[in-house]
Structures are given as structure tokens and as C-alpha cells.
Amino acid sequence: MTLRHLTSINDLTNNEIERVFSLAEKFLAERGDPATHYRIGRSTDSCAGYIMATLFYEPSTRTRLSFESAMSRLGGSVISSADPAASSVAKGETLADTARVVSAYADIMVLRHPREGAAKFAAQYASVPIINGGDGAHEHPTQTLCDLFAIRREKGRLDRLNVAILGDLKGSRTIHSLVNGLARFGANIILMPAPGMDLPDHFVAEIKQRCHYWPIEGVRFKGATGAYGPQGRSLSCPHPQIDVLYLTRFQKERWPATTGDYPVVNAEFLTSKPFEQTLVLHPLPRVNELDPDFDSDPRAGYFRQASYGVAIRMALISMLLNARSESALERFATGFPDHSADDVTPSALSCSNLNCITRAEGKPRFRASGSRSALKHCTYCDHETP
Ligand code: NCD
């Protein structure tokens with residue numbers, strides 16, 4: 001893959017993420033709405049002549065519309081397929097064929113798909129950059145760019161912040177990409193899963209490569225099991241300040257309804273001392289887990305977080321497109337990420353994840369699973385198969 005895609009947050013280096021943020025800041029400074037500090041209010045023509053395709057095979061409001069708004073603000077145009085029932089998917093067309101065909105119609109593609117690993121799979125067949133707009137319960141890297149940008153902009157940094165993550169850690173793709181991004185930028189991560197909704201093992205294994213784990217005992221955060229923080233640092237403070245609280249809805253489309261208690265965040269939940277200065281973020285949509293009465297509280301950051309999506313996606317689109325242009329001002333280097341550890345030939349073994357894209361399209365591929373050598377790591381969905 002010499003083309004740059006964004007299928008996982010790990011497809012970008014920290015330096016590249018910083019450059020996306022700098023360009024987003026530049027768009028906000030130069031094209032921002034003078035009345036607010038987070039809304040893009042004017043357009044440029046820097047991507048004039050380029051076409052972006054948005055292929056959304058699952059419901060979306062923010063991701064699709066902010067991508068389309070971003071491309072329009074850049075002077076480019078958009079073609080969209082937002083209803084699988086009205087596209088050739090309904091006739092049984094494979095994702096591989098769709099990716100090949102749409103590559104001839106657009107210069108960049110944003111894909112949302114119910115199967116895990118779909119974006120990376122499509123990238124094997126596309127001849128233009130693919131952006132993952134959410135693949136099943138796997139990852140949502142552009143939401144993570146918005147989340148990290150919101151945190152850094154509003155809290156001034158990412159390193160050494162205490163970020164509590166609450167709700168459906170099992171099914172929330174936004175959380176799966178976010179924990180990784182937070183670990184990479186040196187934040188402390190306090191996991192507060194709803195009952196039975198723990199972070200899947202393969203994501204825990206990934207954070208553990210960078211972080212130490214501290215069981216939380218003396219501190220009474222609902223559901224908190226422990227905290228991860230960069231190695232060599234102590235998390236000894238018995239009542240840490242929570243700098244950011246990130247919560248998500250129960251992902252009811254991914255799991256059968258559970259009987260457990262789902263947390264509800266409201267003014268009462270946030271009365272204790274550790275939450276005095278907490279920035280509350282949510283990727284939205286919210287259902288019942290975040291009280292609308294809290295919206296007017298200065299700690300509520302979720303609508304600004306959603307607004308940042310346009311500037312962030314403008315930066316990302318420009319950088320991915322300019323990677324292919326001679327006149328690039330801002331571009332990603334080619335050659336990253338390094339996929340040389342991936343088996344190049346399809347495996348005879350099936351991925352153990354029934355919702356992996358390879359369960360629908362075939363051609364499973366694996367790489368050896370780091371420290372856990374008895375396991376094979378799926379190249380597409382990251383699940384581990386014995
Ligand atoms: C999220 C998603 O689609 O994963 N929404 C979004 O893109 N902002 C979160 C969710 O649906 O709960």
C-alpha cells in the first residue's frame with residue numbers, strides 16, 4: 001500500500017496527528033466563524049476539482065454530514081451512497097468490487113460499514129485513499145481525531161490528563177480508537193465499563209504495550225476497574241482529578257439488550273470533587289445516558305466536540321489528497337504504516353470474529369500476535385484467533 005489510507009488510528013504517527021491538528025487550527029483561524037471559536041464559517045477552493053465519495057452502509061448524521069460539509073468547504077464535490085438498500089450491495093455486490101468501481105468515480109472515499117475490518121479490506125482494492133467512517137464495533141479513527149483535538153484544545157494538552165471512559169466499552173468503536181490515541185499521547189485512562197461491557201481483550205493488549213495498569217481501590221468511581229498510564233509514572237494519588245469524562249450510549253445494534261445498569265451522567269453524577277473541572281465529551285448520538293439538563297453546564301463540551309469535526313475532516317481530506325499532488329503544502333509521507341508483518345497470502349484459517357469482513361468476503365489474513373504467540377491476529381478486525 002503506497003497510498004495513504006486512514007483505516008485505524010494506528011495508520012497515523014503522533015507527528016501526523018499533530019499536523020492534522022495544526023492544519024485544523026489554521027482552518028479555524030482563517031475560515032472560522034467570527035462569532036464562535038469552533039465552527040467553520042467560510043470556504044476555500046483548495047480541493048476544487050476533487051470528488052469525495054461517501055459510502056455509508058450504517059446510519060450516520062455527524063460523520064457523513066461533517067465529511068460532506070468539510071469537502072464542500074474545501075471547494076470539492078461529493079457523491080454519496082447512504083442507503084445500502086438503494087445501492088448494488090442489495091444485489092449482492094462485494095465490498096471489494098464496490099471499492100474498485102468507486103475508485104474510478106472519486107478521488108477519496110469515506111466508508112462506514114457494519115463489518116469489522118471493512119475499511120482496511122476495501123483499501124486493498126481501492127486505488128484512492130479510503131477513510132474509515134466506522135467499521136462495525138472495531139474502530140472510528142476520525143472520531144478519535146475530533147476527540148483528541150477537543151481535549152487538547154480545551155484542556156491545553158493530552159499528556160498526563162486523567163481521562164475517564166464510561167459506558168459500553170465493549171461495543172463502542174469510538175472508544176476503541178480513542179484509548180489507543182490517549183495511550184499514545186501519554187494520558188492516564190480510567191476505565192469505567194457498564195456491567196458486562198468491558199474493553200475487548202485485543203484492545204487491552206494493545207494499551208498494555210504502552211501502559212502500566214493500576215487497580216483502583218480507594219477511589220469510588222462507578223464501575224471503575226483500574227487505570228492505565230504510561231510506564232514509569234505513578235498513579236498514586238488517591239483521589240485524582242478527572243480532567244475528561246468520555247461516555248457513549250449502549251450500542252444496542254451490536255449486542256442483545258442487557259439487564260445490567262447503564263450509567264446516567266447528570267449534574268448529580270458530577271457533583272463530587274474529582275469532577276469539578278471535568279470536560280464532558282460524548283461522540284453523540286446520546287440516548288438516555290447523558291441528561292439534556294446538563295447541556296448548559298460549562299463542563300459540557302460535546303456540541304463543540306461535534307463542531308470540530310468539520311475543521312478536522314477538512315485537514316484530513318486536504319492532507320490525504322495532497323499526498324498525491326505535486327503542489328502539496330501539507331502531505332503525509334508515503335510508506336507508513338508498515339504492513340510487512342502481515343501475511344500476504346490469504347489464510348486457510350477463518351477469523352474467530354463472526355462479524356469480521358472476511359466472514360462475508362473471504363480472504364482472511366493474519367499476522368503473528370505480538371507477545372501471545374499461540375494466537376493469530378486478524379489483519380483486518382484485530383481479533384485474535386487460536
Ligand atoms: C458514533 C458511531 O457511529 O460510532 N457516532 C459518531 O460517529 N459520532 C457513536 C455512536 O453511534 O454511538
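Note that the numbering runs from 1 along the sequence shown for the chain. Remember, predicted model here, so these are calculated numbers, not experimental data. In listed order, ligands and their atoms are each counted from 1.
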**Asked** By ring pair (Phe, Tyr, Trp, His ring centres under 6.0 Å), which residues pair with Phe27, not counting sequence neighbours?
**Response** none
**Message:** Regarding Arg62 and Gln305, do their side chains bring together a donor and an acceptor under 3.5 Å, going by distance alone?
**Reply:** no
**Message:** Just by distance, no angles: are the side chains of Ser350 and Arg359 close enough, under 3.5 Å, to form a donor-acceptor pair?
**Reply:** no
**Request:** Would you please indicate if the ring centroids of Phe269 and Phe275 are separated by under 6.0 Å?
**Result:** yes
**Message:** Less than 4.0 Å is my threshold; does some heavy atom of Thr248 fall inside it relative to ligand 1?
**Reply:** no
**Message:** Using a 4.0 Å cutoff against the non-hydrogen atoms of Arg249, which atoms of ligand 1 qualify?
**Reply:** 10 (C), 11 (O), 12 (O)
**ring pair (Phe, Tyr, Trp, His ring centres under 6.0 Å) partners of Tyr213, counting only residues at least two apart** = Tyr228
**Request:** Specify whether Tyr38 and Tyr308 have parallel, tilted or perpendicular ring planes, treating 30° as the upper limit for parallel and 60° as the lower limit for perpendicular.
**Result:** perpendicular
**Message:** Contact between ligand 1 and Glu58 is defined here as a heavy atom of the residue under 4.0 Å from a ligand atom; is it met?
**Reply:** no
**Message:** Give me the nearest non-hydrogen protein atom to atom 6 (C) of ligand 1 as residue plus atom name, then the distance to 0.1 Å.
**Reply:** Leu284 O, 3.5 Å
**Message:** Parallel, tilted or perpendicular: which one describes the rings of His212 and Trp214, with boundaries at 30° and 60°?
**Reply:** perpendicular
**Complete:** among protein heavy atoms, the one nearest atom 4 (O) of ligand 1 is Arg173 NE, 2.7 Å
**Message:** I'd like to know if Gly134 contacts ligand 1, where contact means a heavy-atom distance under 4.0 Å to any ligand atom.
**Reply:** no
**Fill in**
Numbered in order shown, the ligand 1 atoms found under 4.0 Å of a heavy atom of Gln251 are 10 (C), 12 (O)
**Prompt:** With a cut-off of 4.0 Å, which atoms of ligand 1 are near a heavy atom of Thr63?
**Reply:** 6 (C), 7 (O)
**Asked** Going by the atom numbers of ligand 1, which of them fall below 4.0 Å from some non-hydrogen atom of His140?
**Response** 2 (C), 4 (O), 6 (C), 7 (O)
